[in-house]
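Each chain gets a letter, A, B and so on, in the order the sequences are listed, and its residues count up from 1.
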Amino acid sequence: MAKNLVIVESPAKAKTIEKILGKDFEVKSCFGHIRDLEKDDMGIDIANNFKPKYTIPDDKEKIVKELKKLAKDTDEVWLATDEDREGEAISWHLCEVLGLDPDVTKRIVFHEITKPAIERAVQQPRLLDMNLVNAQQARRILDRIVGFELSPVLWRKMSMRNSLSAGRVQSVAVRLIVEREREINTFNAVSSFKVEAFFTAKDLQGKNITFKAEGPTRFKTAEDAEKFLQQCIGAAYSVKDIQVKPGKKSPAAPFTTSTLQQEASRKLGYSVSKTMLLAQKLYESGKITYMRTDSVNLSDTALGDIQNAITTNYGQRYHQHRKFKNKNESAQEAHEAIRPTYMENATVDDSDTKKLYELIWKRTIASQMSDAELEKTIAKIDISTNHEELTASGEVLKFDGFLKIYMEGKDDEDVSDEEESDGSLPALTVKQALDLKEMKATERYSRPAPRYTEASLVKKLEELGIGRPSTYAPTITTVQKRGYVEKRDKEGIKRDFRILSLKADKITKVTESENTGAEKSKLFPTDLGMIVTDFLNQYFSSVMDYGFTAKIEGEFDEVAHGKKIWNKMLNDFYTPFHKDVENTLEKAERVKGERQLGTDQETGKPIVARMGRYGPMIQIGKAEDEEKPKFAKMKSTQSIETITLEEAMELFRLPRNLGQFEDQDVLVNIGRFGPYAAHNKQFYSLKKEMDPYTVELDEIAPLIVEKRTAKDERTIKIFEKEKIQILKGPYGPYIKQGLRNYKIPKEKIDAAADITLEEAKAIIEDVKANPPKKKAPPRKKKAE
DNA sequence: CAGTGAGCGAGCTTCCGCTTGACTT
């Protein structure tokens, strides 16, 4: 038994630290929080000054028991949880549960797992900081109150019966997506004409190079653009002025959780949860430092290794020492930035994590490399006929610096169409005459802000100080699981644009078309998400405010610094909040999410789009009418807010009866699993290219025949009464009864057709009695 | 696998943040 027991949060960390500290120290992990508020009655005694009621969750019993025993048998316990609010609270809970005296128990902290940092920490133990603990308790209790008081309001006031939820983080995340969608829906694209002139000139080698110059302004109308081109007929062009300016680019900071998720999404197309899964794997195998962090700091040891790697691989000139600072005030910086543990490993063998590791390696190295040096050239070109100016700009890389290995990606949001990468210009001299090849005025449309990707939503949340590195991925999953948000693609629509061209002193006009509004893997709000957001905005505007978290974080900080009493702070929040809850329960109407679309031309009955028990639908007529109302389910891409009357009426064309095939009606409809045809009590999924609104009988008939013969071919034998089938599967013959499959023993497999009913029954009984051994889960091959 | 959509209301759901395995298809 070691003399000292050190408790940290993560087991991977425990292993490393144990090696550093040597044999007098046993290092154990508590796997995060070991206690939480009870679920019953919110786990808070509100009347008693918000006294929390803590309990040890089932899955933590085992580790708590083990820690208790170890703590009893050891001379001294050291609490080495993370140096932030949550970590301090975990240490306090450990004191409470393990029976340690908080006034004497040693608390140590470090924000990097390196030998010097840990040895230093052990030299300077401190005591628990109860103010910090209280700030965490306030945070925990406030989140519980918001979540557990708001969610039941939704259960009462929403007519849809899902397991709805609301919370400080998730509800604001949904709000961002809802508001972005509405911005896009109401956006009016405005077009303007952008002028580009193409010239050729000889470069230093005497080779002809074509380069581009931009017009003086964007023209609002085609007429204005044409007028400009007309003025240029017969013009001479000459270089009026050349400016050469040096420029530089600097590398981005090393990865935090949020920036790693963004880059992995932009460059590798990973979802945030995939990124975190792979990063966890790398962390557990000791390849990278901790992956849930908001710090951009690198340890001195790491900085030395990085410098080494850069100078050996690229030379001294490529190294530049840099210290990055967090922009974000809410950062708690308990860890280092995400970096490889061993900089000498530029890659890993494992194929799953290879790409992510290389990304981390490059980003880390680049962060300590020199600036890239550029030379930006701007040439002004005079037009003789109207003395307007064209501007050609070029960029030449003089020294690549960090760009040698890494360039940060960009979101759509940050890229305007003005900002195309400039190529290089040929060597020009002032007064040089230029030959115009062509001048074009192209119609371009303004674009709305793009929909969020998972990663760009994380970026936004982080900017607002909402959520923590450990919750970004789970939050994104939650809002999708609750049905507030969907990740999907959207097809673009065709849009015409005009091009006016001046070539050989003649103006021509053409119209071309482009695809616009196409989206891939973007977050869309559902009708449910919109309705719930509107409701919460209306009755709980303070919690839904984008600044709410930042505001209460400020108060938590005051608690942490001993300037505010935690239960008083909670009371200040709770009194008005709870009044809103009661008020809403009493006054708010049940929300149906209805939107009137118009009236039915035939019957004069009202047509509404609304939420039904099974999702958004269209209803013609009212429930209280004599004749039952007619219903149609909306398509998954439609929304209550935007569907038109025409689109709604179109939905009532289903189910369609296509006529008879083999004396039975063929009906086409859209079901839970997509479009299908029903015939003789059998269902046939329509092929992707078949449109249920237009598909014809002669397209469906082969589908029916095909499925029937495929089934015949698969069937070896049927015992009708007992519902036992012997079938041919991809791995050979097998027995099926009901929904379960049974493996045929090896010795009978070659004569599967000869199996009798008795034999089949025996096999089934046998398999039931001795269930097959479980195999390791198959590797997921498919990327998302 | 695929059809539904009143109102009544039993018994259910729910938060955020800290950490990893154990489940079978």
Would you please say whether a donor-acceptor pair under 3.5 Å links the side chains of A:Tyr484 and A:Thr478?
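A:Thr478 and A:Tyr484 do not have a side-chain donor-acceptor pair below 3.5 Å.
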Does any pair with a residue in residues 57-67 of chain A pass side chain to side chain donor-acceptor pair (under 3.5 Å), and if so which ones, sequence neighbours excluded?
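Sorted pair list: A:Lys28-A:Glu66.
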Between protein and nucleotides 13-21 of chain B, map the contacts as a letter string: B base, S sugar-phosphate only, - none, heavy atoms under 4.0 Å, written 5' to 3'.
BBBBBBBS-
Reading nucleotides 2-11 of chain B from the 5' end, what letters show protein touch, with B for base, S for backbone sugar-phosphate only, - for no heavy atom under 4.0 Å?
BSBB---B--
If the threshold is 4.0 Å, N to carboxylate O, is there a salt bridge linking [X] and [Y]?
{"X": "A:Asp41", "Y": "A:Lys53", "result": "yes"}
{"X": "A:Arg653", "Y": "A:Glu650", "result": "yes"}
{"X": "A:Glu18", "Y": "A:Lys13", "result": "no"}
{"X": "A:Lys605", "Y": "A:Asp600", "result": "no"}

With under 30° as parallel and over 60° as perpendicular, where do the rings of A:Tyr539 and A:Phe535 fit, or are they tilted in between?
tilted
Which dot-bracket notation, 5' to 3', represents the base pairing of DNA chain B when pairs are defined as Watson-Crick or G-U with both distances under 3.5 Å, crossing pairs as [ ], and inter-strand pairs as |?
.........................
Using ring-ring contact (aromatic ring centres under 6.0 Å, His included) as the criterion, list what pairs up with A:His93, not counting sequence neighbours.
A:Tyr54
What distance, rounded to whole Å, do you find between the two C1' atoms, one in B:dG9 and one in B:dT13?
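It comes out at 15 Å once rounded to the nearest Å.
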Per side-chain hydrogen bond (donor to acceptor under 3.5 Å, both in side chains), A:His111 is matched among A:His335, A:Glu83, A:Glu336 by A:Glu83
For A:Glu555, check side chain to side chain donor-acceptor pair (under 3.5 Å) against everything at least two apart and list the hits.
none
